[in-house]
Amino acid sequence: MSSEGRVRKRLTSRTASLVAIVIAVLWTTPTFGLLISSFRPELEIKTNGWWNFFGDPQVTMANYEEVLLNQGLLSYFINSLVITIPSVLFPVAFSAMAAYALAWTRFRGRDWIFIGIFALQIVPLQMALIPMLQMLSPVQEALIWPYPTATVWLAHTCFALPLGIFLLHNFISELPGDVIEAARVDGASHARIFRQVVLPLIVPALASFGIFQFLWVWNDLLVGLVFAGGGPDNAPLTVRLAEMAGSRGQEWQRLTAGAFVSIVVPLIVFLSLQRYFVRGLLAGSVKG
């Protein structure tokens with residue numbers, strides 16, 4: 001039996017399946033407890049654990065009404081959507097075009113440019129925040145944009161491009177060269193090859209990178225706080241959750257409901273793109 005067959009047999013054995021189930025249960029138990037706690041009354045949350053819900057089930061929607069209406073979490077939720085969607089689409093599009101150019105076009109200094117982009121991944125995010133803020137402030141004034149949302153988009157895009165170009169370049173460079181050459185022989189330009197040949201083949205890679213970028217931007221606090229501020233007009237959901245937690249985090253009924261509201265959208269995105277995500281991770285791992 002080949003090494004690939006042995007590995008596949010081990011991964012599909014009963015022991016591997018049992019281990020995977022145990023890991024999945026342990027991984028999802030805190031989230032399940034968070035969900036149950038978000039529907040429990042304040043007194044029940046503060047006096048006993050979430051597992052007591054099964055012995056004395058008490059359900060209320062007051063926690064969600066409090067955080068969405070009285071605490072203004074709904075406006076911050078909309079702000080997160082306004083920030084996250086463009087901050088995902090821009091780097092995915094730019095990374096795909098740059099990766100194709102670095103993989104299938106010939107020009108002087110191409111390899112050095114790719115090395116430079118790869119090296120940018122080691123630049124700490126915290127080190128680049130203030131210089132980038134100083135650089136993007138004139139851009140915001142030039143755009144005459146009433147809200148600082150555009151600078152947040154640009155910041156997230158700049159921070160995501162090195163990793164995105166690196167990942168997509170490795171995927172695009174592994175595409176069959178015969179397909180690209182056949183399109184060139186037929187007279188297709190680089191734009192047409194990229195649009196009609198490359199893009200349909202790299203959908204799993206785009207989905208994988210898009211999921212990573214979505215989770216990063218949606219859960220980000222530092223970049224959104226620095227570039228958008230802490231006001232309800234621009235700040236993302238994570239800023240409001242941090243304010244609700246305070247210094248002691250005593251309002252557990254609000255925190256559980258607010259935390260579960262914050263994970264609903266990423267959960268939907270991941271589940272809807274899961275098949276592309278798995279294909280993108282496994283692409284190129286087995287060559288036939």
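- Residues Gln58 and Phe53 form no side-chain contact, since every pair of their non-hydrogen atoms from C-beta on lies 4.5 Å or further apart.
- Contact annotation: the side chain of Thr238 never approaches that of Ser262 to less than 4.5 Å [non-hydrogen atoms, C-beta and beyond].
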Verdict with reasoning, Leu206 to Leu168, per side-chain contact (heavy atoms from CB on, under 4.5 Å): CA-CA 8 Å; Leu206 295 177; Leu168 295 179; 3.8 Å; yes
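- The aromatic ring centres of His169 and Tyr100 sit 6.0 Å or more apart.
- Using a 4.5 Å heavy-atom cutoff, the side chains of Phe107 and Ile113 are in contact.
- Within the 4.5 Å cutoff, side-chain heavy atoms of Ile36 are placed close to those of Phe54.
- A heavy-atom distance below 4.5 Å is found between the side chains of Arg40 and Asn52.
- Side-chain contact between Leu267 and Ile263 is absent, with no heavy-atom pair separated by less than 4.5 Å.
- Judged by distance alone, the side chains of Asn170 and Glu174 never bring a donor and an acceptor atom under 3.5 Å apart.
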Verdict with reasoning, Ile172 to Val198, per side-chain contact (heavy atoms from CB on, under 4.5 Å): CA-CA 7 Å; Ile172 294 176; Val198 175; 4.2 Å; yes
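- Taking every heavy atom of both residues into account, Phe260 and Leu34 meet most closely at N-CD2, 4.2 Å.
- Nearest heavy atoms, Thr256 versus Ser38: OG1-CA, 3.5 Å.
- Hydrophobic clustering keeps Met127 apart from Val226 (ILVMFWY residues linked when any side-chain heavy atoms are closer than 4.5 Å, directly or through intermediates).
- Taking the six-membered ring for Trp and the full ring otherwise, the centers of Tyr64 and Phe39 sit less than 6.0 Å from each other.
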Audit row: Tyr76, Leu241, side-chain contact (heavy atoms from CB on, under 4.5 Å) steps and yes/no: CA-CA 9 Å; Tyr76 288 88; Leu241 290 177; over 6 Å; no
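- No side-chain heavy atom of Val67 sits under 4.5 Å from any side-chain heavy atom of Asn63.
- For an aromatic pair to be called close, the ring centres must be under 6.0 Å apart, and Trp218 with Phe77 satisfies this.
- Residue-environment remark: CZ (Arg192) stays at or below the threshold of 12 foreign heavy atoms within 6.0 Å.
- When all heavy atoms of Gln213 and His156 are compared, the closest pair comes out as NE2-O, 3.7 Å.
- Val123 and Ile165 sit in two unconnected hydrophobic clusters of ILVMFWY residues. Membership requires side-chain heavy atoms under 4.5 Å apart, directly or through other members.
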Derivation of the side-chain contact (heavy atoms from CB on, under 4.5 Å) call for Ile83 and Asn234: CA-CA 9 Å; Ile83 290 174; Asn234 309 304; over 6 Å; no
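- For the residue pair Pro162 and Ile117, the shortest heavy atom distance occurs at CB-O, 3.5 Å.
- Hydrophobic clustering (side-chain heavy atoms under 4.5 Å, transitive across Ile, Leu, Val, Met, Phe, Trp, Tyr) keeps Leu43 apart from Leu255.
- For the pair Phe159/Leu129, a side-chain contact is recorded, criterion being any heavy-atom separation below 4.5 Å from C-beta on.
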